[in-house]
Amino acid sequence: MSRLKVKDIFQENIVDVEATVKGWIRSVRNSKKFSFIVLNDGSAQQSIQIIVDEVLPNYAEVAALLSGSAVAITGRLVKGGGKVQSIEMQASLVEIIGKVDETYPLQKKATSLEFLREQAHLRIRTNTFGAIMRVRHHLAMATHEFFSKKGFFYLNSPIVSGVDAEGAGEMFTISTLANDITKAPKTKDGKLDFSKDYFGKETFLAVTGQLEGECYAMGLGSIYTFGPTFRSENSNTTRHLSEFWMIEPEVAFADLDEIAGLATDYIKYLISYSLLHAAAELEFLFAREDSTAPKDHLEVLKHVRDSKFIRITYTEAIEILSKIDPAVKKFEYPTIWGHELQTEHERFLAEEHFKMPVIVTDYPKEFKAFYMKLNDDGKTVKAMDILVPGIGEIIGGSQREDNLERLEKRMDEMNMNKDPLWWYLDLRRFGSVPHAGFGLGFERALMYITGVNNIRDVIPFPRTPKNCDF
Ligand code: 4AD
Ligand code: MG
């Protein structure tokens, strides 16, 4: 007997054959002589309806099964009777593989996303998380396809790092000294003696793979990383994770304009790909009763896919924001040149002012990382952030400072220790070329496309401050 995936049954329209399907029961409805089982095997958004006749020897046991039970059902696939062209199975054999009892946490009524976060080991068995995680898979595939087709090479940048590459100090230290902190060697001034640590120096979980990506772009031309990154920022928001995934392309002989174009094409590709490969999932997510996606999200995504992105400088953004009548929109944070754009400003620009993704460039150097290329004005850097409705920043990127003297000067201004970055400076010392890149927050992209408004719901096992269960 051939075992089939529900996805293939519907996609290939397989009828009038005997087959076995294996999955988890979504619901059982008993009528006089039949039981109707709705079975989902995770392969697709769609479940298959299976009709179990009372003549089956274990009918009583089957009819008493609760949602969540695992079964293998063999039977004949036939055209369904409903309005929509569908396929059902007439069971000839129901094998009960794993039962659930009344203590199963995923009861019909208790399935709010908040509740399911506490059941992260089981939540994938709901239609909602099945949909989100299949979209996640497709966005990952879209990413590899997009960059690979463009001739970029996939680089695995290290997860253990010796530098605070973003200079934000939001690092997780990796140390074996902490295995028995009472015996940990200390320096004269009472600090941990990292020279006696596992790596002989202080090391961290990577906040980015960019600096290593730059090294490899200087030989392969175009690379992209796609891996987990870690930040100990204490912002318990709906858009921040302590462990998140980032895609970071880096391109040699490229300037800011080129990567702004690349980023635009990439976001559009993610939209097109998910509309093509995960249409049923998106449709389901947008139609959910407590969906947080805008009403017309599908149309909006198609519009974004087909339109030019807005591009403005930071200075222009400040001009726009400072002219907004407080009676129309009151901001909590100042909209004065030299102040950081806050999420409220980013969202206002993308969501209310332009109603489109917005590329903001040329930020004051003071609140951007050391590696960004200084503009001729001496005040701003060749940075870009891409802001999208509903979220704010989804991409951060820049042209890199490729001039050794200028880079060293900037690091000195920022009181950085240049020693651990000798190799990064070498890239400017030997065969230096203009280059640029960006980082896309994978979970933020998923939030944007699915319309799910809490980042904890688009990653399998979220890590946030005071939360590392599972
Ligand atoms: O703007 P960021 O900090 O840029 C970098 O890390 C650069 N090294 C990228 C580069 O030029 N190669 O982060 C990039 C993106 C942000 O725009 C955001 O989407 C996401 O990463 N991000 C987070 N996502 C979830 N949780 C967090 N705590 C995040 N911090 C940043
Ligand atoms: Mg940023």
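First listed ligand is number 1; within each ligand, the first listed atom is number 1. We use all heavy atoms of the structure for the numbers below, so side chains are in, but hydrogens, waters and symmetry mates are not. These numbers come from a predicted model, not from an experiment.
- Close contacts of ligand 1 with Gly396, meaning ligand atoms under 4.0 Å from a residue heavy atom, involve 1 (O), 9 (C), 10 (C), 11 (O), 17 (O).
- At a cut-off of 2.8 Å, Glu393 coordinates the Mg ion (ligand 2) through an N, O or S atom.
- Here's the thing with Gln210: one of its N/O atoms is less than 3.5 angstrom from an N/O atom of ligand 1.
- Heavy atoms of Glu248 found under 4.0 angstrom from ligand 1 belong exclusively to the side chain.
- Looking at Glu233 next to ligand 1, an N or O pair under 3.5 Å apart turns up.
- Here is the list of ligand 1 atoms found below 4.0 Å of a heavy atom in Ile395: 17 (O).
- Assignment of Tyr371 to the shell around ligand 1 is supported, since a heavy atom sits closer than 4.0 Å.
- Checked against Arg311 for a side chain to side chain donor-acceptor pair (under 3.5 Å), the options Thr361, Thr264, Asp257 give a single hit: Asp257.
- The protein heavy atom nearest to atom 18 (C) of ligand 1 is Arg444 NH1, 3.5 Å.
- Distances from ligand 1 to the non-hydrogen atoms of Thr229 include no value under 4.0 Å.
- Of all protein heavy atoms, the one lying nearest to atom 5 (C) of ligand 1 is Glu166 OE2, 3.4 Å.
- Formation of a donor-acceptor pair under 3.5 Å by the Lys268 side chain with backbone atoms of Ser307 is found in this model.
- Of the inter-residue distances, the one linking Glu250 atom CD with Cys215 atom SG reads 9.5 Å to the nearest 0.5 angstrom.
- Taking CD1 from Ile391 and CZ from Arg347, the interatomic distance works out to 8.0 Å, rounded to the nearest 0.5 Å.
- For His297 (side chain) and Tyr448 (main-chain N/O), a donor-acceptor pair under 3.5 Å exists by modelled atom type.
- Checked against a 6.0 Å centroid threshold, the rings of Tyr224 and His144 count as neighbours.
- Aromatic pair Phe442/Phe226: ring centres closer than 6.0 Å.
- Remark: minimum distance from atom 17 (O) of ligand 1 to any protein heavy atom is reached at Glu393 OE2, 2.6 Å.
- The closest approach between a heavy atom of Arg400 and any atom of ligand 1 is below 4.0 Å.
- A donor-acceptor contact under 3.5 angstrom links the side chains of Glu214 and His435, judged on distance only.
- Gly439 O, 3.6 Å is the protein heavy atom nearest to atom 15 (C) of ligand 1.
- The ligand atoms of ligand 1 that sit less than 4.0 angstrom from a heavy atom of Phe438 are 9 (C), 10 (C), 11 (O), 12 (N).
- The shortest N/O to N/O separation between Leu440 and ligand 1 does not fall below 3.5 Å.
- Counting heavy atoms under 4.0 Å from ligand 1, residue Phe244 touches it through the side chain alone.
- Ring centers of Tyr269 and Phe146: under 6.0 Å apart, within the cut-off.
- Between Gly441 and ligand 1, at least one pair of N/O atoms sits closer than 3.5 Å.
- Residue-ligand proximity: Arg239 is placed with a non-hydrogen atom under 4.0 Å from ligand 1.
- Remark: aromatic rings of Tyr266 and Phe147 are close, center separation under 6.0 Å.
- Of the protein's heavy atoms, Leu241 N, 3.0 Å lies nearest to atom 26 (N) of ligand 1.
- Taking distance alone, with nitrogen or oxygen atoms compared against 3.5 Å, Arg231 approaches ligand 1 more closely than that limit.
- Residues forming a ring-ring contact (aromatic ring centres under 6.0 Å, His included) with Phe204 (at least two apart in sequence, or on another chain): none.
- In this structure, a donor-acceptor pair under 3.5 Å is absent between the side chains of Tyr363 and Glu340.
- Near Ile455, with a cut-off below 4.0 Å to any heavy atom, the atoms of ligand 1 are 25 (C).
- Only side-chain heavy atoms of Met246 come within less than 4.0 Å of ligand 1; its backbone N, CA, C and O stay farther off.
- The shortest N/O to N/O separation between Ile394 and ligand 1 falls below 3.5 Å.
- Looking at Asp290 and Ser112, their side chains never bring a donor and an acceptor atom within 3.5 Å of each other.
- Between the side chain of Arg444 and the backbone N or O of Gly392, no donor-acceptor pair lies under 3.5 Å.
- Within the listing of ligand 1, atoms 11 (O) sit less than 4.0 angstrom from a heavy atom of Gly397.
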